[in-house]
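Below, read A as the first sequence line, B as the second, and so on, with proteins coming before strands; counting in each chain starts at 1.
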Number of protein chains: 2
Amino acid sequence: MTDYPFTPLVASLPSTVPFVGPEAQERQRGAPFVARIGANENVFGPSKKAIAAMQAAAGETWMYGDPENHDLKAALAAKHDVAPENIVVGEGIDCLFGYINRMFVEDGVTVATSLGAYPTFNFHVAGFGGRLVTTPYVNDCEDPGALLDLARKENARLIYIANPDNPMATWWDGATIQQMIDDVPDGALLCLDEAYGEFAPDGSLPPFDVSNPKVIRFRTFSKAYGMAGARIGYAVGEASLIKAFDKIRNHFGVNRIAQIGALASLNDPDHIPDVTGRVAAARERITEIAAASDLAALPSATNFVAIDCGKDGDFARKVLAGLISQGIFVRMPGVAPQDRCIRVSAGRPADLDAFAAALPKALNKAME
Amino acid sequence: MTDYPFTPLVASLPSTVPFVGPEAQERQRGAPFVARIGANENVFGPSKKAIAAMQAAAGETWMYGDPENHDLKAALAAKHDVAPENIVVGEGIDCLFGYINRMFVEDGVTVATSLGAYPTFNFHVAGFGGRLVTTPYVNDCEDPGALLDLARKENARLIYIANPDNPMATWWDGATIQQMIDDVPDGALLCLDEAYGEFAPDGSLPPFDVSNPKVIRFRTFSKAYGMAGARIGYAVGEASLIKAFDKIRNHFGVNRIAQIGALASLNDPDHIPDVTGRVAAARERITEIAAASDLAALPSATNFVAIDCGKDGDFARKVLAGLISQGIFVRMPGVAPQDRCIRVSAGRPADLDAFAAALPKALNKAME
């Protein structure tokens, strides 16, 4: 290692990877996965209209995308009944998490989250020198009241919660989340991650109130819209907060084909009901597969299901390894007690057939 | 403006836009441009093989891209005779410029560049609190010796130079650039932007030496490869420097279709010669169009030509406005004395026909 004059902060950071991709695991095992149901990707794919629009746009990718994301913001504004000035589009939610941390976090700033919540948010907190404080999950749910108490006690500037939650798939009703928004302490900003919002029961997402400077809400085309590889997401918030992203964002950062595909997705009203219907069926099937092995699946408001393997994290890690070795790509929570579970994404029938065949063997092997 | 608890640095930044996109100008003028020859996009488009590969990949965009960019890095490593560990792939050069600044720049750190060089690099210097020092262009060329002298005098940690240069299209031979690399002072890192490298005469790009920790070189698929909208570029450097990008980069940030298109481009050896041939013809045509109005075009090693409008920046700005009002999207340098020029990208024959028709009128109007 050559001695580069990195900033002290960057010098102190590890060369972390928040998640190892399935391709790396395939290279390691020397064979492709049979079922790719580990990253909560939407195997049912993008809207056919979006696919056609992206294919038509491929030849025009010599043009930069519109740095103002004008047409997409206009469509999103109409959808959510807010103004375009309340929306920032970015190259995926992860990128927007990086930006929001960069805007608010530096050495000495505290961020509150749940112990075991989305690691990439934490990656960015650390990446800008923040101090992360956590409160445990309760009954596999993030705990809004405890998060607010922690934020008050620790003087947190950002508070992170996902509704529905990843990795547990649990959720709160809209009234509980609205109460949390209402109770955000002065000087703090709630980062409400609704990446899985389209899968949640009606009423789980409170109405937007873009006059409120205490909350910013994150949405994505990666999950229900089936465009994870396109890297396009957005955030909705108070206009001057949204405007501040222009201070630091990579203005030409969003892929043009992604812009076009996202816009086409919004113009296909049948796609999301079709996807959520298939996802609901897949969740039921995963629950049945778990039950057939005497395991309990947690209720889910997302496109994945956490299956309680019935013992501790070491056991669940063995089950996971047994599934991976049979070509089933799944993941699991990283922190106890949630790590007694494995996390299985909604798959096509063939994906879940493969999972159903592999799970009993993985369980048997883990019990050896 | 609500009083958000931004970091002091972010609070101090303007909500800048380094470049206004052509779409915003089209919305403002209420009509599309006739010729889009202002952003140095490659109007000749991506490789047909890349287009076909991207179209085939559109339906699979439900999958995240490989966060390790393994296959693309392997192909680039073979092309440049370096190891994959010497390459970082990012969501466009602009994004990589953001990362390199984040790694090295904070309050009190100095960065040396040329007065009027690429503004987006400067945007990121400011965005991480750096102090920018500049040395003038000499005869419309960046001045390697003066840049090094400035870096020594001001104790610069990063030094930026583009070869060939943007916005002037001038260039240095490989020996001059190699000498500059050899003379980089201790404690400094040279950021060598070779975005337009494929258009330069043979011998303009020195061979890679990835054992040298004093230079990192940036390349892109946005220009010769015709994939600006795909947002994919890369940097080549010493392995431990490249590894450090993992500390902060958005690991899943690169669009999957872009990865696939870039890889397909590399597997089409005929595309770049075809593009550079068309670009060379377009440069000649632009030079002829300028000469027909008694204007001198600067020699160019890029896919654009700087035309000296023969007076000062105010005059050139009027010429530019006259072109824009006739539906010709062009840009110009932002700083004197380079701002006596307008900057015209290599266009298709029809684009340049429109430019040829519009230029005399724009000049006449500017002289009123």
Side-chain angles (χ1 to χ4, degrees), chain A residues 1-2 4-7 10 13-15 17-18 21 23-24 27 39 41-43 45-46 51 54-55 58-59 61-68 70 91-92 94-95 98 103-104 106 127 157 187 213 226-231 238 240-241 243-244 246-248 250-253 255-258, chain B residues 1-2 4-7 10 13-15 17-18 21 23-24 27 39 41-43 45-46 51 54-55 58-59 61-68 70 91-92 94-95 98 103-104 106 127 157 187 213 226-231 238 240-241 243-244 246-248 250-253 255-258:
Chain A
M1 173 84 189
T2 306
Y4 290 100
F6 295 127
T7 68
V10 169
L13 295 171
S15 288
V17 178
E23 292 84 0
R27 288 188 289 271
E41 296 161 326
N42 176 358
V43 297
I51 294 172
M54 292 190 284
Q55 287 174 332
T61 196
W62 61 269
M63 290 183 269
Y64 289 103
D66 174 14
E68 299 183 2
H70 175 275
E91 42 273 47
D94 286 353
C95 170
M103 287 156 73
F104 287 98
E106 61 181 348
R157 192 176 289 178
M227 291 175 54
R231 311 316 303 130
E238 187 273 324
S240 73
L241 175 61
K243 177 76 178 159
D246 278 346
K247 294 165 175 267
I248 56 161
N250 196 0
H251 288 263
F252 286 82
N255 180 294
R256 185 183 182 91
I257 297 177
Chain B
M1 175 82 190
T2 306
Y4 290 100
F6 295 128
T7 68
V10 168
L13 295 172
S15 288
V17 178
E23 292 83 2
R27 288 188 288 270
E41 295 161 328
N42 176 358
V43 298
I51 294 173
M54 291 190 284
Q55 288 174 333
T61 196
W62 61 269
M63 289 184 268
Y64 288 102
D66 174 14
E68 299 182 2
H70 176 275
E91 40 275 47
D94 287 353
C95 169
M103 286 156 72
F104 288 97
E106 61 181 348
R157 194 177 287 178
M227 291 176 54
R231 313 316 302 133
E238 186 273 323
S240 74
L241 175 60
K243 176 76 179 160
D246 279 344
K247 294 167 176 266
I248 57 161
N250 196 0
H251 288 264
F252 285 82
N255 180 294
R256 184 184 183 91
I257 297 177

Heavy-atom pair of closest approach, residues [X] and [Y]:
| X | Y | result |
| --- | --- | --- |
| A:Pro5 | B:Phe104 | O-CD2, 3.3 Å |
| B:Trp62 | A:Ala228 | O-CB, 3.4 Å |
| A:Ala230 | B:Asn255 | O-ND2, 3.0 Å |

- Message: When you compare the side chain of A:Met103 with that of B:Tyr4, does any pair of heavy atoms fall below 4.5 Å?
- Response: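 No - every pair of side-chain heavy atoms lies 4.5 Å or more apart.
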- Task: Keeping the roles fixed (side chain from B:Gln55, backbone from A:Gln55), state whether a donor-acceptor pair exists under 3.5 Å.
- Result: yes
For chain B, which candidate among [options] shows the most heavy-atom pairs at distances under 4.5 Å?
| options | result |
| --- | --- |
| A:Val10, A:Ile257, A:Thr61, A:Asn42 | A:Thr61 |
| A:Ala258, A:Gly98, A:Cys95, A:Gly92 | A:Cys95 |
| A:Ala39, A:Ala58, A:Ala24 | A:Ala58 |

- Query: Is chain A contacted by the side chain of B:Asn250, its backbone, both, or neither, given a heavy-atom distance below 4.5 Å?
  - Reply: side chain
- Task: Against chain A, label B:Pro14 side chain, backbone, both or neither, depending on which of its atoms sit under 4.5 Å from a heavy atom there.
- Result: backbone
- Query: When you look at A:Arg27 and B:His70, which way does the side chain to side chain contact (heavy atoms under 4.5 Å, CB included) test go after all the steps?
  - Reply: CA-CA 10 Å; A:Arg27 288 188 289 271; B:His70 176 275; 3.1 Å; yes
- Residue selection (most heavy-atom pairs with chain A, distance under 4.5 Å) from B:Arg231, B:Arg256, B:Glu106: B:Arg231
- Item | Greatest number of heavy atom pairs closer than 4.5 Å to chain A - which of B:Gly21, B:Pro46, B:Pro67, B:Ser15 |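 Going by pairs under 4.5 Å, I would pick B:Ser15.
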- Atom pair NZ (A:Lys247) and CG (B:Leu13), whose distance is rounded to the nearest 0.5 Å: 6.0 Å
